[in-house]
Structure formats: C-alpha cells, structure tokens
Amino acid sequence: MPLRVYNTLSGEKETFVPLLPGKAGMYVCGVTVYDYCHIGHARANVVFDIIFRYLKYAGYDVTYVRNYTDIDDKIINRANQEGCDYSVISERFIKAFDEDMARLGLAKPTVEPKATDHIGGIIAIIEALVAKGHAYASDGDVYYAVDTFPEYLKLSGRNLEEMQAGARVEVGDKKRNPMDFALWKGSKPGEPWWESPWGQGRPGWHIECSAMSMEFLGKTFDFHGGGKDLIFPHHENEIAQSEAANGCRFVRYWLHNGFVNINSEKMSKSLGNFFTIREVLDKFDPETLRFFILSAHYRSPIDFSDQNLEEARTGLERIYSCLASIDEVLNRIPTSAELPAVECLSAIGLELQEKVAQFIPRFVEAMDDDFNTAQALGGIFETVRATNRFLAESKEFSPVALSLIAHVQHLFDEVGSVLGLFTLNPGQWLDGIKSAKADQIDIASDEIERLIIERTEARAAKNFKRGDEIRDYLLEKGIQLLDSAQGTTWNVK
RNA sequence: GGCGGCGUAGCCAAGUGGUAAGGCAGAGGUCUGCAAAACCUCUAUUCAGCGGUUCAAAUCCGCUCGCCGCCUCCA
C-alpha cells in the first residue's frame with residue numbers, strides 16, 4: 001500500500017509520489033517569535049513531527065525545514081512595549097520555542113532557518129517579481145499585484161471579486177488593489193531595517209517562507225504544512241510569490257492540521273482562550289499531551305480540556321502498565337534459567353502471536369492512510385489486551401513465550417519511535433505519573449509506606465479489620481492499594 | 001453574504017460502497033480474606049433528520065436542521 005495524503009489543493013487524498021525517488025522535501029511554517037507558544041502550536045508541531053518521522057520510517061530521505069519568522073510587526077510592537085531591540089524579543093522566544101519543543105520530544109528538523117538570515121534571498125525574489133510585472137514599488141513599499149496571477153486563490157478556493165466585495169479588506173493608498181499584499185515594507189523611524197533597492201525596510205509577512213523554502217528545498221518540493229488558518233492568506237500568497245517568480249509549480253502536496261478548540265471554539269490569541277504549552281506541561285507530562293493530540297486525526301478539530309487530557313493519560317497508563325509487566329517478566333526470568341520445554345503456545349498465546357504478526361502491517365496501513373494515528377493507536381490497544389491476557393494466563397514462561405513478549409516489547413519500541421511515545425522506561429514513567437499525582441495528595445509517601453507495613457503485618461496476623469481500616473483510610477486520601485504476590489504497592493487514584 | 005468542514009454509544013474517537021475499530025466511563029463475572037489491578041462478558045440492529053441512487057450506504061447524491069472554521073493577525 002502506498003502512502004496517501006490529503007492535499008488541500010485538490011481536496012482529495014492522493015498517492016504520494018516524491019519529486020525525486022527516495023527523497024521527500026518538507027517545509028512547515030514555524031512560529032512568529034513574539035510570545036510563548038500555546039497548545040495550538042503544540043498540535044501543529046507534533047503533527048508534523050510525526051509526519052517527518054513516519055516519512056523517514058517509510059524509507060524516505062527527508063529534508064525537513066521549519067522556519068522562525070523573527071521579523072514582524074508583532075515582534076516590533078512587543079519590543080517597543082518593552083523598550084528593547086526587536087532581536088531581544090525574537091531571541092527570547094526562539095529559545096522558549098526550542099525549550100517547549102524539546103520537552104514535547106520533537107525531533108529536530110533538518111534545518112531551522114531564520115527569516116533575518118535570508119534577507120538577500122527575499123530581495124532577489126521581490127526583484128524577480130518586479131521585473132516580471134507581478135509586483136510594484138510604491139512609496140518605499142513593494143506590493144504584489146494579485147490580478148497578475150490568474151491562479152490566485154486556487155488553494156483556498158475563493159473568488160477574488162467576492163472577497164473584494166466583502167469590503168473588510170483595508171484599502172491602503174499605496175496599493176493599486178485592496179487585495180494586494182506587501183512584499184517589502186519601508187521602515188519607519190526607530191524600526192529595524194535592511195538596505196534594499198527600494199530603500200531601507202524589512203520583508204512583509206509571507207515572502208520569507210518563499211525564500212527559505214526555495215533556498216533549502218528548491219523551486220518545487222513535496223510537502224508544505226501548517227495550520228488550517230494559514231491557508232488564506234499566508235499559503236495562498238506564498239504560492240503567488242513563488243510560482244510567479246519561478247515560473248513553475250511551488251508545492252506538490254499541501255497539508256493542514258485542524259485546530260485545538262476550547263469548548264468547541266478555536267483556541268486563539270485574539271479570543272484569549274489559550275493555554276501555553278508551559279502551563280499544560282506543569283499539569284500533564286509531555287507524552288500524555290502527545291497521546292492526546294494523536295488520539296484524533298490531524299485534520300479534525302480536537303477539544304482541549306482537563307478531562308480529555310486525564311482520559312488520554314489513563315489510556316497511556318494502560319499501555320505503559322502493560323509494558324511494565326513485560327519488563328517485569330523479562331527481568332525476573334534470566335535467559336540462563338531452566339525453562340519449561342513447552343514449545344507450543346496456548347490458544348491465547350497463538351492469538352497474541354497473530355496480533356504480533358499483524359502489528360506492523362496494520363500500523364503502516366493506518367499511517368499510510370493520511371497519517372491516521374487514531375487508527376494506529378487502536379491497533380496498539382488491541383495488542384495491549386492480547387498481551388495482558390497472555391501474561392495473566394501464563395504461570396510460567398517457555399522460551400517461545402518469552403521470545404513472544406520480547407517481540408511485543410520490540411514492536412512497541414518501533415512504533416513508539418515513530419509516534420514519539422513509549423520512549424521512557426515504563427516503570428519510571430508510571431512512577432513519574434504517580435509522584436505527579438501524589439503532589440496533589442495531602443499525605444506523605446513515607447507515611448503511606450509505614451501504613452502499608454502496618455497493614456501487611458495486620459493481615460499476616462489475620463487481623464483483617466485493622467488491615468481494611470488502613471486501606472479505607474488511604475482510599476479516602478486518594479491512595480489505592482494494590483496487593484500482589486510480590487507485596488503491596490500503591491497508586492494515586 | 002461568499003467559501004469550506006463537521007454531526008458515529010453517556011463521553012472521546014476510527015471507519016468514505018459490503019453489513020459499526022479502539023479508549024474512557026458504567027454493569028455483571030473470574031481472581032481476592034474483602035478490595036484494587038488484570039482478565040472475561042455486556043453496553044449503537046445503527047451512524048443529526050428526510051428523500052434518492054444501488055443487489056448493498058455511516059460511507060455517493062439532494063434537501064432540511066444544528067455546530068464550527070476561513071474571508072482581519074493566527075498553528
């Protein structure tokens with residue numbers, strides 16, 4: 001089965017045929033660095049991180065470019081507010097972005113260019129557009145003349161006349177057509193500037209992505225991604241710039257992720273209903289957030305709430321608990337031990353073996369279908385259940401059984417490396433969750449341990465009344481006891 | 001107003017022509033001194049509603065209702 005991706009340009013799923021066999025070029029619009037990132041940014045970046053990883057997993061030699069837009073009105077505004085140079089702001093939030101992405105466990109893109117390092121390339125494209133009559137200088141600014149590009153709005157499927165009729169577009173005196181957009185803006189006093197054929201100024205929004213993608217991926221490349229809200233005007237304008245300047249197709253497959261909603265409404269700066277990645281990571285661990293994001297298809301909207309995050313965590317705990325059980329068995333039984341010579345599996349063992357055999361094909365099938373991570377997770381859970389079942393019924397483990405569960409462990413590592421999940425030691429991850437929850441409990445862990453010992457002694461003396469008193473007391477405090485043959489452990493409910 | 005998307009069990013969520021994955025929550029059972037965890041069983045004759053195409057539709061078409069997004073900075 002070949003990889004199929006939904007292309008915003010055609011509105012259909014298309015089979016991915018790389019421009020160059022065995023290679024894939026991918027450009028994703030990064031952030032304008034003027035503030036901390038919110039969960040919407042987390043989703044976009046996690047989604048494309050997984051697409052990047054999956055393309056590599058599928059055998060492509062991937063060049064992944066994710067830019068920083070480090071010059072922009074919003075950055076300048078913030079610098080003015082704080083009375084500092086614009087670069088103080090951009091550097092601060094580039095650092096913050098890098099920290100956030102590292103905490104989320106994102107793989108580093110191949111290149112992470114900054115707009116301000118590509119002013120030369122930006123000016124070259126604008127000059128080409130002016131020379132070809134697609135752009136015009138006007139009082140220190142340079143604008144793109146949208147009516148010179150007949151295919152304008154082909155990505156968003158809009159109609160130029162109707163949009164102009166909408167009249168919500170600001171008409172600047174400097175523009176010939178209200179829909180024209182700035183390629184270059186003359187600088188006002190006190191603003192950062194670069195020399196250009198049109199005087200001192202700075203690039204408009206949109207042009208930096210045309211310049212940086214061309215620099216690292218060429219005039220035509222495979223994938224271009226971003227949030228749905230970038231379709232218009234940002235990506236539409238990139239197409240107009242790049243295709244008019246280069247005279248060839250810009251992007252072959254356009255990918256757009258859906259929004260993160262709060263109560264079914266888009267999370268956004270202007271609505272003020274956003275949570276920063278940092279705030280969320282104070283309450284939930286990074287893999288829980290990732291798991292939550294992957295539990296829905298990347299193009300669907302996803303509703304963010306504490307309850308949904310908690311549910312995601314419960315689901316992830318189920319998987320990690322299974323992996324911890326596997327570890328426990330594999331660590332308990334040394335390979336040198338004398339093992340039962342049973343060389344055939346029970347019915348449940350055969351069922352697990354079947355799940356194991358189908359595991360990767362099913363994972364690949366789901367991911368090949370427009371990166372359907374939700375479906376992929378379904379297959380993972382089915383394997384978890386089969387594994388739990390097998391572990392529950394097995395009193396002793398034959399070499400065949402041990403190799404089967406070791407195989408499960410290996411498979412989870414394999415898909416985990418694509419999804420960015422299960423990357424931690426299961427026991428450690430579960431301990432981390434436990435201690436994070438324990439912080440919200442008003443009882444110290446050494447007190448819990450003391451009571452467990454007292455209860456164990458009481459139970460050994462058949463004093464179940466005292467034992468149950470302790471258990472109920474702890475339960476009231478939110479502590480759940482788990483008795484097993486190896487002793488009693490505890491969990492925060 | 002224009003364009004686009006969505007509506008699947010109590011909740012989250014796959015499924016885009018062949019007879020409803022998975023997770024959470026809930027009920028019963030096995031296990032247990034009793035519990036918890038784990039495991040087993042059950043929980044949508046039906047996919048917003050109404051028509052149509054088809055041997056066959058949650059999936060295609062039309063209409064209606066509801067929700068959301070873009071059209072202005074936005075992941």
Side-chain angles (χ1 to χ4, degrees), chain A residues 8 11 13 28-32 34 37-48 72-74 77 153 156-159 161-170 179 205 225-234 236 256-261 264-271 274 291-292 295-297 299-303 305 307-308 310-319 321-322 325 348 362 366 369 372-385 387-393 459 462-465 467-468 471-472 475 479-484 488-491 493:
Chain A
T8 307
K13 281 185 199 169
V28 172
C29 290
V31 284
T32 299
Y34 73 104
C37 288
H38 57 63
I39 299 304
H41 299 106
R43 182 180 195 192
N45 283 286
V46 165
V47 161
F48 288 105
D72 176 87
D73 289 356
K74 289 197 288 285
N77 289 343
L153 303 181
S156 54
R158 294 165 201 277
N159 174 302
E161 287 77 44
E162 278 164 359
M163 287 196 63
Q164 288 174 36
R168 287 174 69 186
V169 182
E170 195 179 316
M179 291 299 290
W205 184 42
K228 271 190 159 78
D229 46 0
L230 294 182
I231 295 171
F232 183 88
H234 186 54
E236 202 70 76
H256 293 98
N257 64 278
F259 297 131
V260 176
N261 290 338
S264 303
E265 280 197 323
K266 179 185 169 183
M267 176 187 292
S268 74
K269 292 269 176 160
S270 45
L271 290 172
F274 64 91
F291 186 88
F292 166 69
S295 67
H297 185 90
R299 284 188 285 117
S300 306
I302 189 166
D303 221 58
S305 68
Q307 189 192 323
N308 288 347
E310 279 162 18
E311 213 170 83
R313 183 171 60 196
T314 307
L316 190 56
E317 268 185 274
R318 180 170 162 82
I319 299 171
S321 298
C322 174
S325 302
I348 289 172
R362 289 184 64 193
D369 185 10
N372 195 335
T373 51
Q375 191 174 64
L377 291 179
I380 287 169
F381 276 112
E382 286 184 35
T383 307
V384 165
R385 191 175 60 209
T387 303
N388 281 336
R389 229 178 129 170
F390 184 64
L391 293 176
E393 75 141 14
R459 291 175 72 221
K462 300 279 184 207
N463 184 357
F464 294 119
K465 181 164 174 294
D468 290 353
R471 192 185 63 210
D472 294 344
L475 192 58
I479 305 299
Q480 186 84 65
L481 295 184
L482 295 85
D483 295 333
S484 78
T488 300
T489 57
W490 59 277
N491 224 329
K493 212 181 170 192

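Chain identifiers are assigned alphabetically (A, B, ...) following the order of the sequence lines, protein sequences preceding nucleic acid strands; residue numbering begins at 1 within each chain. Nothing here was measured: the structure is a model prediction, and the numbers come from that model.
Residue A/K269 is out of contact with every strand shown, counting any heavy-atom pair closer than 4.0 Å. Among the heavy atoms of the strands lying under 4.0 Å from A/F259 is at least one base atom, whether or not backbone atoms are also near. Residue-level contact check: A/G40 touches the bases, meaning some heavy atom is under 4.0 Å from a base atom. Nucleic acid contact for A/T32: none, since no nucleic acid atom lies under 4.0 Å from a heavy atom of the residue. Heavy atoms of A/V28 sit nowhere under 4.0 angstrom from any nucleic acid atom. Counting non-hydrogen atoms under 4.0 angstrom, A/G258 reaches a base of the nucleic acid.
B/C47 and B/U16 have their C1' atoms separated by 13 Å, with the value rounded to a whole Å. Between B/A14 and B/G28, the distance separating the two P atoms is 31 Å to the nearest Å. Atom P of B/A48 sits at a distance of 8 Å from the matching atom of B/A9, rounded to the whole Å. Nucleotides B/C63 and B/U53 are separated by 15 Å at their C1' atoms, to the nearest Å. Rounded to whole Å, the P atom of B/G5 lies 36 Å from the corresponding atom of B/U43. Atom name P, nucleotides B/C50 and B/G15: the rounded distance is 25 Å, in whole Å. When the P atom is used for both B/U59 and B/A35, the distance is 47 Å, rounded to whole Å. A gap of 12 Å separates the C1' atoms of B/C12 and B/U8, to the nearest Å.
With rounding to whole Å, A/Q307 atom CD is found 11 Å from B/G10 atom C1'. Computed from coordinates, the A/K266 NZ to B/U72 P distance equals 13 Å when rounded to whole Å. To the nearest angstrom, P of B/A75 lies 15 Å from CG of A/N261. Between the NE2 atom of A/H234 and the C1' atom of B/G69 there is a distance of 19 Å, given to the nearest Å. For the pair A/I231 CD1 and B/C70 C1', the interatomic distance rounds to 8 Å; values are reported in whole Å. Regarding A/E310, its CD atom lies at a distance of 11 Å from the P atom of B/A25, rounded to whole Å. Rounded to an integer number of Å, the gap from A/Y34 OH to B/C73 C1' is 7 Å. The distance from atom CG of A/N159 to atom P of B/G2 is 12 Å, rounded to the nearest whole Å.
Scanning for side chain to side chain donor-acceptor pair (under 3.5 Å) contacts around A/E317 gives A/K437, with sequence neighbours left out. Applying the side chain to side chain donor-acceptor pair (under 3.5 Å) criterion to A/N77, with sequence neighbours excluded, gives no partner residue. Qualifying side chain to side chain donor-acceptor pair (under 3.5 Å) partners for A/S268, counting only residues two or more places apart in sequence or in other chains: A/S270. Take A/P301 and apply the side-chain contact (heavy atoms from CB on, under 4.5 Å) test, not counting sequence neighbours, and it matches A/N261. Residues passing the side-chain contact (heavy atoms from CB on, under 4.5 Å) test with A/R158 are A/L153, A/S156, A/M163, A/F232, sequence neighbours excluded. In terms of the side chain to side chain donor-acceptor pair (under 3.5 Å) criterion, residue partners of A/H297 (sequence neighbours excluded) are, by chain and number, A/D370. Residues satisfying the ring pair (Phe, Tyr, Trp, His ring centres under 6.0 Å) criterion with A/Y34, sequence neighbours excluded, are absent altogether. Here A/A376 pairs with A/F363, A/A366, A/M367 under the side-chain contact (heavy atoms from CB on, under 4.5 Å) rule; sequence neighbours left out. Not counting sequence neighbours, the partners of A/A374 by the side-chain contact (heavy atoms from CB on, under 4.5 Å) test are A/N372.
Two residues are said to be in side-chain contact when any heavy atoms from C-beta on lie closer than 4.5 Å; A/Q375 and A/R362 fail this criterion. Side-chain contact check for A/F292 versus A/L316: every heavy-atom pair is 4.5 Å or farther apart. Between A/D369 and A/K13, the closest side-chain pair of non-hydrogen atoms falls below 4.5 Å.
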Inset, instruction - Can you run through RNA chain B from 5' to 3' and write each base as (, ), [, ], | or . depending on how it pairs? Watson-Crick or G-U wobble, both distances under 3.5 Å. - result: ((((((((.[[[..)..(...]]].(((((.......))))).....[[[[[..)....]]]]])))))))....
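Cation-pi geometry between A/K269 and A/F274 is met: under 6.0 angstrom from the ring centre, within 45 degrees of the axis.
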Inset, instruction - Could you run through nucleotides 13-24 of chain B and give me one letter per nucleotide, 5' to 3': B if any protein heavy atom sits under 4.0 Å from the base, S if only the sugar-phosphate is that close, - if neither? - result: SSS-----BSBS
Inset, instruction - If a protein heavy atom is under 4.0 Å from the base, mark B; if only from the sugar-phosphate, S; if neither, -; do that for nucleotides 26-37 of chain B going 5' to 3'. - result: -------BBBBS
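Residue A/R389 places at least one side-chain N or O under 4.0 Å from the OP1 or OP2 atom of B/C40. Proximity of A/N388 to the phosphate of B/C39: a side-chain N or O atom is located under 4.0 Å from OP1 or OP2.
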